[in-house]
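All residue numbers in this chain count up from 1 along the given sequence.
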Amino acid sequence: MGQIVSDVTDILEYNKDKKAAKNQRQEILQKMQADEVEKTNLVKKVLATQRAKYGASGVSGHGVTEGAVLRRLKSETEQPYDEKRRNNMEKLKGIR
């Protein structure tokens with residue numbers, strides 16, 4: 001009888017751990033999705049601000065230099081979010 005109780009307890013603990021891992025994965029995925037939306041909005045805002053500054057100073061958007069500056073701004077703005085994404089991916093891999 002003791003073995004049956006032990007087996008049932010093990011199964012219940014396994015199901016509990018499985019559900020907790022699933023919830024943890026869902027939470028991480030939701031954070032990643034929110035970060036992605038926030039990153040996209042921030043990049044759009046930074047690029048729009050920079051374009052407005054260039055436009056106000058009379059610089060057109062057709063030059064190579066302006067394009068390089070905008071790409072650099074986008075890259076710098078995205079960097080913290082890319083690091084968050086990598087960290088979250090590592091967390092997801094660690095959840096079993």
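Residues forming a side chain to side chain contact (heavy atoms under 4.5 Å, CB included) with Lys19 (at least two apart in sequence, or on another chain): Asn23. Every residue two or more places apart in sequence or in another chain was checked for a salt bridge (Lys or Arg N to Asp or Glu O under 4.0 Å) with Lys22, and none qualifies. For Lys44, the side chain to side chain contact (heavy atoms under 4.5 Å, CB included) test picks out Thr40, with sequence neighbours left out. Looking at residues two or more places apart in sequence or on another chain, you find no side chain to side chain contact (heavy atoms under 4.5 Å, CB included) involving Asn87. Under the side chain to side chain donor-acceptor pair (under 3.5 Å) criterion, Gln3 pairs with Asp7, not counting sequence neighbours.
The distance from the CD atom of Glu36 to the CG atom of Asn41 is 10.5 Å, given to the nearest 0.5 Å. Remark: Lys18 NZ to Ile11 CD1 distance equals 12.0 Å, nearest 0.5 Å. One distance of note links CD1 of Ile95 with CD of Glu90; it measures 11.5 Å at 0.5 Å rounding.
A 4.5 Å side-chain heavy-atom check between Met89 and Met32 finds at least one atom pair inside the cut-off.
There is a path of hydrophobic side-chain contacts, each under 4.5 Å, that joins Ile4 to Leu12.
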Enumerate, atom names and distances included, each donor-acceptor pair closer than 3.5 Å involving a side-chain atom of residues 77-85, sequence neighbours excluded.
unit_1, atom_1, unit_2, atom_2, d
Thr77, OG1, Leu73, O, 2.7
Tyr81, OH, Glu38, OE2, 2.8

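Arg72 and Glu76 are joined by a salt bridge, as a carboxylate oxygen and a charged side-chain nitrogen come within less than 4.0 angstrom of each other.
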